[in-house]
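The structure appears right after this line, and notes come after that.
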Amino acid sequence: VQLQASGGGMVEAGGSLRLSCVASGRTFGLVDMGWFRQAPGTEQMFVAAINWSGDSTWYADSVKGRFTISRDNAKNTVYLQMNSLKPEDTAVYFCAAQLKLVPNQASAFDYWGQGTQVTVSS
């Protein structure tokens, strides 16, 4: 399985960005996909996840109400719509996929994409 993330960039506080993650290869068997982020000098942090059917989602408390995860299975793509961005959202964002449903634990994800930088200026 290969994951390709895109959509990062630089925005001012209060702005929006949409990240995309395209899955390719042997995607059969994947049960969910998620987003994590890591700021310099900090540990990787769970952001959001969505199951393969799209009817269950999970969010970190810090992004609830501001971020929305969704998916388009026809395109094997997961999106992270980020609104009302804050400077503390600045980080490298990674998408990931897993074979067993443990949606908020990075160690439980089996496949990872490259990161995409999100920078929010104050």
Side-chain angles (χ1 to χ4, degrees):
V1 175
Q2 293 79 46
L3 303 175
Q4 180 71 41
S6 62
M10 181 179 293
V11 296
E12 294 184 348
S16 299
L17 282 173
R18 188 177 81 157
L19 305 183
S20 300
C21 178
V22 180
S24 61
R26 293 189 173 186
T27 59
F28 179 80
L30 295 177
V31 297
D32 80 327
M33 293 179 66
W35 290 94
F36 292 78
R37 69 187 185 189
Q38 187 168 22
T42 69
E43 293 185 354
Q44 199 171 52
M45 187 193 91
F46 168 74
V47 176
I50 186 168
N51 68 349
W52 203 251
S53 62
D55 57 6
S56 292
T57 57
W58 300 266
Y59 294 95
D61 288 343
S62 59
V63 306
K64 280 181 182 176
R66 299 188 299 122
F67 292 11
T68 302
I69 190 169
S70 62
R71 67 185 309 137
D72 183 340
N73 283 349
K75 298 180 179 179
N76 273 352
T77 301
V78 171
Y79 304 99
L80 185 68
Q81 178 67 44
M82 304 185 295
N83 298 330
S84 301
L85 282 162
K86 305 175 181 179
E88 52 262 43
D89 294 318
T90 295
V92 177
Y93 284 69
F94 299 87
C95 66
Q98 62 184 184
L99 299 169
K100 291 184 178 180
L101 189 61
V102 186
N104 60 353
Q105 294 184 20
S107 60
F109 279 76
D110 302 282
Y111 305 99
W112 290 84
Q114 90 291 357
T116 184
Q117 177 71 46
V118 171
T119 302
V120 185
S121 61
S122 57

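Just so we're clear, the structure is a prediction, and the values are computed from it rather than from any experiment.
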Would you indicate whether the side-chain heavy atoms of Q114 and Q4 approach each other to under 4.5 Å?
yes
Quick one: are F109 and V102 in side-chain contact, heavy atoms under 4.5 Å?
no
Would you mind reporting whether V120 and E12 have side-chain heavy atoms less than 4.5 Å apart?
no
Begin from the C-alpha positions of L99 and V31 and carry the test side chain to side chain contact (heavy atoms under 4.5 Å, CB included) through to its verdict.
CA-CA 5 Å; L99 299 169; V31 297; 5.8 Å; no
Short question: side chain of N76, backbone of S24 - any donor-acceptor pair under 3.5 Å?
no
How close do S122 and A13 get, counting heavy atoms only, and between which atoms?
CA-CB, 4.4 Å
Check ion pair D89-K86 (N to O, under 4.0 angstrom):
no
Do you know which two heavy atoms are closest between T27 and A23, and how far apart they sit?
CG2-CB, 3.9 Å
M82 and R66, any side-chain heavy atoms less than 4.5 Å apart:
no
Is a side-chain N or O of T77 found less than 3.5 angstrom from the main chain of K75, in a donor-acceptor match?
yes
Here the pair of heavy atoms bringing A5 nearest to C95 is CB-SG, 4.0 Å
So, S16 versus N83: side-chain donor-acceptor pair below 3.5 Å or not?
yes
What pair of heavy atoms forms the shortest contact from G8 to L17, and how long is it?
C-CD1, 4.5 Å
Any side-chain heavy-atom pair of Y59 and T57 under 4.5 Å
yes
Consider only side-chain heavy atoms of I, L, V, M, F, W and Y, link residues closer than 4.5 Å, and tell whether V118 and V11 are in one cluster.
yes
Just wondering, do L19 and T116 contact through their side chains at under 4.5 Å, heavy atoms?
yes
If only atom types and distance count, is the side chain of Q98 paired as donor or acceptor with the main-chain N or O of K100 below 3.5 Å?
yes
Same apolar cluster: I69 and W52, side chain cutoff 4.5 Å:
yes
Using the six-membered ring wherever Trp is involved, compare the ring planes of Y93 and F67 and label them parallel, tilted or perpendicular (cut-offs 30° and 60°).
tilted
Expected output: side-chain D32 to main-chain A97 donor-acceptor under 3.5 Å:
no
Close side-chain approach of W58 to L101, heavy-atom, < 4.5 Å
yes
Stepwise side chain to side chain contact (heavy atoms under 4.5 Å, CB included) check, W35 with L80
CA-CA 8 Å; W35 290 94; L80 185 68; 3.6 Å; yes
Counting only N and O atoms by type, is there a donor-acceptor contact under 3.5 Å from the side chain of N51 to the main-chain atoms of G54?
yes
Angle class for the W112/F94 ring planes (parallel below 30°, perpendicular above 60°, tilted otherwise)?
perpendicular
Looking only at heavy atoms, the pair that brings M33 and R71 closest together is SD-NH2, 3.8 Å
Can R37 and S62 be said to form a side chain to side chain contact (heavy atoms under 4.5 Å, CB included), step by step?
CA-CA 12 Å; R37 69 187 185 189; S62 59; 3.8 Å; yes
Are the side chain of R26 and the backbone of V1 linked by a donor-acceptor contact shorter than 3.5 Å?
no
If we only count heavy atoms from C-beta on, is the Y79 to T68 side-chain gap below 4.5 Å?
no
